[in-house]
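One structure below.
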Amino acid sequence: MTLFIASDHGGFELKEDIKSFLMQQNIDFEDLGVNSSESVNYPDLAQKISRKVLENLSTNRGILLCGSGIGVSIAANRHKGIRAALVDSVTLAHLSREHNDANILCMGGRIIGKEVAFEIVTTFLNTEFQGGRHQKRVELIEEF
Ligand code: RB5
């Protein structure tokens, strides 16, 4: 798996916390920015990480943050092949992988505490797509 992480200013602080967590866990990642809490436009970061994930859909995954998580998830989901899931619990992290084969995890830096975010990240990265009846449903989305 190749992991990318990105945020706007609203998600910057949580992105930095998640980066420290990933390093502690010896999980490699590439940080696509931003590099400060200076105001930026979240669609630019959503497009940047979506393009990276689309370079290899079988291996690449993303973690994408803004203030609420809503803006970046809307923007990322405009890219065909991206399934970005807005998650605020471990249960949703689990389901986003098992049922939806989500390839980008979105969270709100102003919504979620860092300890919960770490558990969500761990679950997202370690849960496999279940396939079976969910395979056809994901394929139907990709036919849009
Ligand atoms: C930025 O203020 C904020 O609008 C953005 O981070 C995000 O929450 C948008 O959905």
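Remember, predicted model here, so these are calculated numbers, not experimental data.
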- Query: Does Asn103 reach the side chain of Asn60, with side-chain heavy atoms less than 4.5 Å apart?
  - Reply: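 No, their side chains stay 4.5 Å or more apart.
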
- Message: For a 4.5 angstrom cut-off between non-hydrogen side-chain atoms, does Val87 reach Leu95?
- Response: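 They are not in contact (no side-chain heavy atoms under 4.5 Å apart), so the answer is no.
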
- Message: Taking atom CD as the centre, does Glu16 end up with more than 12 heavy-atom neighbours from other residues, nucleotides or ligands that are less than 6.0 angstrom away?
- Response: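 Yes, CD of Glu16 has more than 12 neighbouring heavy atoms, counting only those of other groups under 6.0 Å.
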
- Query: For Lys80, does the NZ atom have more than 12 heavy-atom neighbours from other residues, nucleotides or ligands under 6.0 Å away?
  - Reply: yes

Say whether, by atom type as modelled, one donor and one acceptor occur between the side chain of [X] and the main chain of [Y] under 3.5 angstrom.
X	Y	result
Asp101	Arg97	no
Asn41	Pro43	no
Thr127	Phe124	no
Asn77	Ala84	yes

- Message: Against Val121, only a single residue in Asn126, Ile5, Leu3, Ile18 fulfils side chain to side chain contact (heavy atoms under 4.5 Å, CB included); can you say which?
- Response: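 Going through Asn126, Ile5, Leu3, Ile18 one by one, the side chain to side chain contact (heavy atoms under 4.5 Å, CB included) with Val121 is satisfied by Ile18 alone.
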
What's the separation between atom [atom1] in [X] and atom [atom2] in [Y], rounded to the nearest 0.5 Å?
X	Y	atom1	atom2	value
Ser20	Gln25	OG	CD	11.5 Å
Ile63	Phe4	CD1	CZ	12.0 Å
Leu64	Ser7	CG	OG	8.0 Å
Cys66	Ile111	SG	CD1	9.0 Å

- Message: Does anything in residues 17-41 form a ring pair (Phe, Tyr, Trp, His ring centres under 6.0 Å)? List the pairs, not counting sequence neighbours.
- Response: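 Non-adjacent pairs meeting ring pair (Phe, Tyr, Trp, His ring centres under 6.0 Å): Phe21-Phe118.
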
- Query: Which pairs, with at least one residue in residues 66-116 and sequence neighbours excluded, count as a ring pair (Phe, Tyr, Trp, His ring centres under 6.0 Å)?
  - Reply: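 Counting only pairs at least two positions apart or across chains, the ring pair (Phe, Tyr, Trp, His ring centres under 6.0 Å) contacts touching residues 66-116 are His99-His134.
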
- Query: Do Leu125 and Leu22 pass the side chain to side chain contact (heavy atoms under 4.5 Å, CB included) test, and can you show the C-alpha distance, the side-chain angles, and the key distance before you say yes or no?
  - Reply: CA-CA 11 Å; Leu125 297 180; Leu22 291 170; 4.2 Å; yes

- Task: Under the side chain to side chain contact (heavy atoms under 4.5 Å, CB included) rule, collect the residues that match up with Ile112, sequence neighbours excluded.
- Result: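 Ile112 satisfies side chain to side chain contact (heavy atoms under 4.5 Å, CB included) with Leu14, Asp88, Met107, Val116, Ala117, Ile120 once adjacent residues are dropped.
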
- Task: Check whether the side chains of Thr59 and Asn56 place a donor and an acceptor atom closer than 3.5 Å, and report yes or no.
- Result: yes

Donor-acceptor pairs are to be reported for all side-chain atoms of residues 46-55 against protein atoms at under 3.5 Å, with residues two or more places apart or in another chain.
from  : atom 1 : to    : atom 2 : distance (Å)
Lys48 : NZ     : Leu32 : O      : 3.1
Ser50 : OG     : Ala46 : O      : 2.6

Contact summary for [X] and [Y], nearest pair of heavy atoms:
X	Y	answer
Val72	Gly69	CG2-O, 3.5 Å
Ala76	Ile104	CB-CD1, 4.4 Å
Tyr42	Asp8	CB-OD2, 3.6 Å

- Cluster link Leu105 to Ile70, ILVMFWY, side chain under 4.5 Å: no

Side-chain donor/acceptor pairs under 3.5 Å, residues 137-144, sequence neighbours excluded:
from   : atom 1 : to     : atom 2 : distance (Å)
Glu139 : OE2    : Gln135 : NE2    : 3.1
Glu142 : OE1    : Gly81  : N      : 3.2
Glu142 : OE2    : Arg83  : NH1    : 2.7

- So which pairs with a foot in residues 27-38 pass side-chain hydrogen bond (donor to acceptor under 3.5 Å, both in side chains), sequence neighbours left out?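 Residue pairs passing side-chain hydrogen bond (donor to acceptor under 3.5 Å, both in side chains), neighbours aside: Lys15-Asp31, Lys19-Asp31.
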
